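Heads up, the thing below is written out as structure tokens.
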Amino acid sequence: MLDGIFDRTSIPLLHRLLNLTAARERAIASNVANVTTPGYRRKDVAFDELLKEATDRGFLVGQKTDERHMDVGGARGQSEPVPIQEIPGGAVGVNGNNVNVETEMVELAKTQLTYMVSAQLISNNFKALLASIRGRT
């Protein structure tokens, strides 16, 4: 019953955004940790594609009355695994490694800002829900 309340807010989408940024931070940490590993290839999350996929899902959820029916819609932001993939290209060093520490630091800063903004927005959503429950504006 409470799930229906959250599905009408941006909380599920923000939850998915937090999961994506956390996965990207793990990928960046792995890249930095392997900056001197010969042959290591930079890894990342297809952040934009996965976020667009999450936002394209509607609020409407179809009810399946038969196993053969397709899923329609779904709760946004569900905890789905976030794939971390190898990124081809980039300048490759003499050891076959394509990690650039400066690039990783810039991406880490952007990812941390996105995470902080998402966390603040989800906090604001919960505060608004709490205010609604208490009958205050």
Side-chain angles (χ1 to χ4, degrees):
M1 175 140 181
L2 289 178
D3 289 341
I5 293 172
F6 295 133
D7 288 346
R8 293 185 180 108
T9 67
S10 59
I11 291 172
L13 179 62
L14 291 168
H15 179 239
R16 181 68 174 157
L17 185 57
L18 288 174
N19 287 340
L20 290 174
T21 52
R24 179 171 259 179
E25 284 187 1
R26 285 193 300 275
I28 292 169
S30 175
N31 292 339
V32 171
N34 288 290
V35 71
T36 58
T37 303
Y40 180 84
R41 297 294 186 176
R42 182 176 184 272
K43 295 179 176 48
D44 200 355
V45 172
F47 192 83
D48 294 337
E49 294 170 25
L50 294 170
L51 184 59
K52 180 171 179 4
E53 179 183 306
T55 56
D56 285 347
R57 293 182 197 164
F59 287 101
L60 298 176
V61 179
Q63 183 177 4
K64 290 172 65 171
T65 56
D66 190 292
E67 289 284 326
R68 295 171 290 180
H69 290 168
M70 293 174 43
D71 292 325
V72 177
R76 300 185 311 170
Q78 290 181 337
S79 295
E80 300 166 2
V82 178
I84 296 175
Q85 57 196 14
E86 197 172 288
I87 305 300
V92 179
V94 291
N95 63 359
N97 187 315
N98 68 350
V99 175
N100 179 315
V101 174
E102 288 82 16
T103 301
E104 299 302 321
M105 293 299 108
V106 168
E107 292 302 320
L108 182 62
K110 285 193 235 175
T111 304
Q112 287 176 336
L113 282 172
T114 303
Y115 189 91
M116 289 187 323
V117 168
S118 302
Q120 186 61 51
L121 288 172
I122 205 167
S123 173
N124 291 346
N125 272 279
F126 279 117
K127 286 177 185 172
L129 280 173
L130 185 60
S132 297
I133 291 169
R134 290 182 176 163
R136 297 183 202 151
T137 57

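The shown structure was predicted, so the numbers you read here are calculated from the model rather than taken from an experiment. The chain is numbered in sequence order, starting from 1.
Under the 4.5 Å side-chain criterion, counting only non-hydrogen atoms from C-beta, Asp44 is in contact with Arg24. Between Asp48 and Lys52, the closest side-chain pair of non-hydrogen atoms is not below 4.5 Å. A 4.5 Å side-chain heavy-atom check between Asn97 and Thr36 finds every atom pair outside the cut-off. Here the side chains of Leu129 and Ile11 are in contact, with some heavy-atom distance below 4.5 Å. Within the 4.5 Å cutoff, side-chain heavy atoms of Gln112 are placed close to those of Leu108. Side-chain atoms of Val99 and Asn34, non-hydrogen and from C-beta on, never get closer than 4.5 Å to each other. Contact annotation: the side chain of Arg26 never approaches that of Val45 to less than 4.5 Å [non-hydrogen atoms, C-beta and beyond]. Annotation: side chain of Val117 is not in contact with side chain of Gln120 (no heavy-atom distance under 4.5 Å).
What you find for Val82 and Ala23 is that their closest heavy atoms are CG1-CB, 3.4 Å. Considering every non-hydrogen atom in both Asn125 and Ser10, the closest pair reads ND2-OG, 3.2 Å.
For the atom pair OG1 of Thr114 and CG of Leu51, the computed distance is 9.5 Å after rounding to the nearest 0.5 Å. From Thr111, atom OG1 reaches atom CD1 of Ile28 across 4.0 Å, with rounding to the nearest 0.5 Å. Put simply, CG on Leu113 and CE on Met116 are 5.0 Å apart, with the number rounded to the nearest 0.5 Å. With rounding to the nearest 0.5 Å, the separation of CD in Glu86 from CG in Asn98 is 7.5 Å.
A donor-acceptor pair under 3.5 Å is formed between the side chain of Asn31 and the backbone N or O of Lys43. A donor-acceptor distance shorter than 3.5 angstrom exists from the side chain of Ser132 to the backbone of Ala128, with no hydrogens or angles considered.
Within the structure, ring-ring contact (aromatic ring centres under 6.0 Å, His included) contacts touching residues 17-47 (residues at least two apart or in different chains) do not occur. For residues 93-121, no residue pair satisfies the ring-ring contact (aromatic ring centres under 6.0 Å, His included) rule, not counting sequence neighbours. Among residue pairs with one or both ends in residues 98-115, those qualifying as salt bridge (charged side-chain N to carboxylate O under 4.0 Å, His left out) are Arg42-Glu104, Glu107-Lys110; sequence neighbours excluded.
Both Leu18 and Leu121 belong to a common hydrophobic cluster when Ile, Leu, Val, Met, Phe, Trp and Tyr are linked at side-chain heavy-atom distances under 4.5 angstrom.
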